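The structure displayed is predicted, hence computed values, not measured ones. For the single chain, residues carry numbers from 1 onward in sequence order.
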Amino acid sequence: MELRVSSRRLLRPLLAALLAASAGIASAAKGQANLPPLNSMEARVAACAACHGDRGQGTDNDYFPRLAGKPAEYLYNQLVNFRDGHRKYPPMNYLVTYLSDDYLRKIAEYYSKQRPPYPAPAQPRVSASTLARGKQIVLNGDPARNVPACAACHGKTLTGMEPAIPGLVGLHADYISAQLGAWRSGVRRAKAPDCMHTVATRLSDDDIAAVAHWLSMQPAPANPVPAPARSSKMPLQCGSEPQSATGDTSR
């Protein structure tokens, strides 16, 4: 599965952020802006807001996900991956290239504590049988193909699990599909054993579409926080998820 996305569509929010920053500088020079202190969290995440929303709630663009409420360790790992080139998306790679571990960790911790409202669940765009297949994989997996349930790792309420497994609710179907395709092709990778690559390679294109669409239609639970660490037994060993209190969660 190859992701074909208009570069114009992906770069437009970054251009908007740069234009907004330029306008802010000009306005500040004229004494017309009340900008936050230079090293405040509001200033640190200003460049993130154009793509991910002012509180990390995500935007209408399918390919810029919600950050708010995800485990801090997961967010930190992704920022480090973008900075170090393990995960490829030029605007993100550029924005974090010169940021320190400490700086990135504080950004991750900031977004992990945000609780903006979730978007309304997506409306169905695929057949009932496709949605049924997606529900089956997410909640029960596919034992015949050795595919574990998504909920086994991402939590019964699909809000993730501490310290480094992200939630899946509140994401667009196209984003979920693109990430599964990237895991399957190896464009997106994690520390070995790369459990997401293992799972994604066992899914067909139709399976990925079914999972993505069903997930996008799920409402957030009343208390959308990640499950506690090790609250459920992992069906696969994942290099990015610690197996002990001192485990390495990098990548």
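Contact record, P219 with V169: O-CG1, 4.2 Å, taken as the closest heavy-atom pair. Of all heavy-atom pairs spanning A200 and W183, the tightest one is CB-CB, 4.0 Å. Between M217 and A122, the shortest heavy-atom contact is CG-O, 3.3 Å. Closest of all the heavy-atom pairs between P37 and A43 is O-CB, 3.3 Å. In terms of heavy-atom proximity, G167 sits nearest to L171 at O-CD1, 3.9 Å. Of all heavy-atom pairs spanning M161 and S232, the tightest one is SD-OG, 3.7 Å.
Using a 4.0 Å cut-off between charged side-chain N and carboxylate O, D206 and R133 make no salt bridge. With salt bridges taken as basic N to acidic carboxylate O contacts below 4.0 Å, one links R184 and D205. A salt bridge links K106 with D102; the closest basic N to acidic carboxylate O contact falls under 4.0 Å. The pair E241-R230 fails the salt-bridge criterion, with no side-chain N (NZ, NE, NH1 or NH2) lying under 4.0 Å from an Asp/Glu carboxylate O. Electrostatic pairing of D142 and R202 does not count as a salt bridge here, judged by no charged N lying under 4.0 Å from a carboxylate O.
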Checklist entry - Please walk me through it: do E73 and R105 pass salt bridge (Lys or Arg N to Asp or Glu O under 4.0 Å)? => result CA-CA 8 Å; E73 194 70 19; R105 189 171 289 282; 3.2 Å; yes

Next on the checklist: With side-chain contact (heavy atoms from CB on, under 4.5 Å) as the criterion, how do R66 and Y118 come out once you've worked through the C-alpha distance, each side chain's angles and the decisive distance to 0.1 Å?
Outcome noted: CA-CA 9 Å; R66 180 185 181 93; Y118 276 75; 3.3 Å; yes

Checklist entry - Between I137 and V147, does a side-chain contact (heavy atoms from CB on, under 4.5 Å) hold up when you go through it step by step? => result CA-CA 8 Å; I137 295 172; V147 174; 4.3 Å; yes

Item to check | Pair Y175-L215, side-chain contact (heavy atoms from CB on, under 4.5 Å): steps then yes or no | outcome: CA-CA 11 Å; Y175 175 80; L215 283 172; over 6 Å; no

Checklist entry - side-chain contact (heavy atoms from CB on, under 4.5 Å) between V138 and L158: does it pass, once the steps are laid out? => result CA-CA 9 Å; V138 172; L158 302 171; 3.9 Å; yes

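Checked by atom type, the side-chain pair D174/S177 shows no donor-acceptor distance below 3.5 Å. Side-chain N/O atoms of R83 and Q78 include no donor and acceptor closer than 3.5 Å.
Looking at T157 and P224, their side chains never come closer than 4.5 Å, going by heavy atoms from C-beta outward. With a 4.5 Å cut-off on side-chain heavy atoms, D207 and R145 count as touching. At a threshold of 4.5 Å between non-hydrogen side-chain atoms, the residues Y74 and L67 do not count as touching. No side-chain heavy atom of P228 sits less than 4.5 Å from a side-chain heavy atom of E162.
A donor-acceptor pair under 3.5 Å is formed between the side chain of H154 and the backbone N or O of P166. Remark: side-chain polar atoms of K156 are not paired, donor with acceptor, to backbone N or O of A152 under 3.5 angstrom. E42 places no side-chain N or O within 3.5 Å of a backbone atom of S40 that could act as its donor or acceptor partner. Remark: the backbone N or O of C51 is paired with a side-chain donor or acceptor of T59 at under 3.5 angstrom. Formation of a donor-acceptor pair under 3.5 Å by the N61 side chain with backbone atoms of Y63 is found in this model. At distances below 3.5 Å, not a single donor-acceptor pair connects side-chain atoms of T130 with backbone N or O atoms of V126. Looking only at distances, a side-chain donor or acceptor of R115 sits under 3.5 Å from a matching main-chain atom of S112. A donor-acceptor contact shorter than 3.5 Å links the side chain of S185 to the backbone of G181. With hydrogens and angles disregarded, no donor-acceptor distance shorter than 3.5 Å links the side chain of T159 to the backbone of G155.
Considering N81, L79, N77 as possible partners of R87, the one that fulfils the side-chain contact (heavy atoms from CB on, under 4.5 Å) test is N81. Screening C153, C238, P226, S240 against I165 for a side-chain contact (heavy atoms from CB on, under 4.5 Å) leaves a single residue, C153.
V187 and F64 sit in two unconnected hydrophobic clusters of ILVMFWY residues. Membership requires side-chain heavy atoms under 4.5 Å apart, directly or through other members. Hydrophobic clustering (side-chain heavy atoms under 4.5 Å, transitive across Ile, Leu, Val, Met, Phe, Trp, Tyr) keeps V225 apart from Y110.
In this structure, H172 NE2 and D60 CG are separated by 6.0 Å, a value rounded to the nearest 0.5 Å. The distance from the CD atom of Q57 to the CD atom of Q114 is 9.5 Å, given to the nearest 0.5 Å. Atoms CZ and CG, from F82 and L95 in turn, are 10.5 Å apart once rounded to the nearest 0.5 Å. Note that CG of L131 and CD of Q136 are 13.5 Å apart. Values are rounded to the nearest 0.5 Å. Here OH of Y103 is found 5.0 Å from CZ of R44. Values are rounded to the nearest 0.5 Å. Atoms OG1 and CG, on T201 and D194 in that order, are 9.5 Å from each other to the nearest 0.5 Å.
For C48, there are no disulfide (SG to SG under 2.5 Å) partners two or more places apart in sequence or in a different chain.
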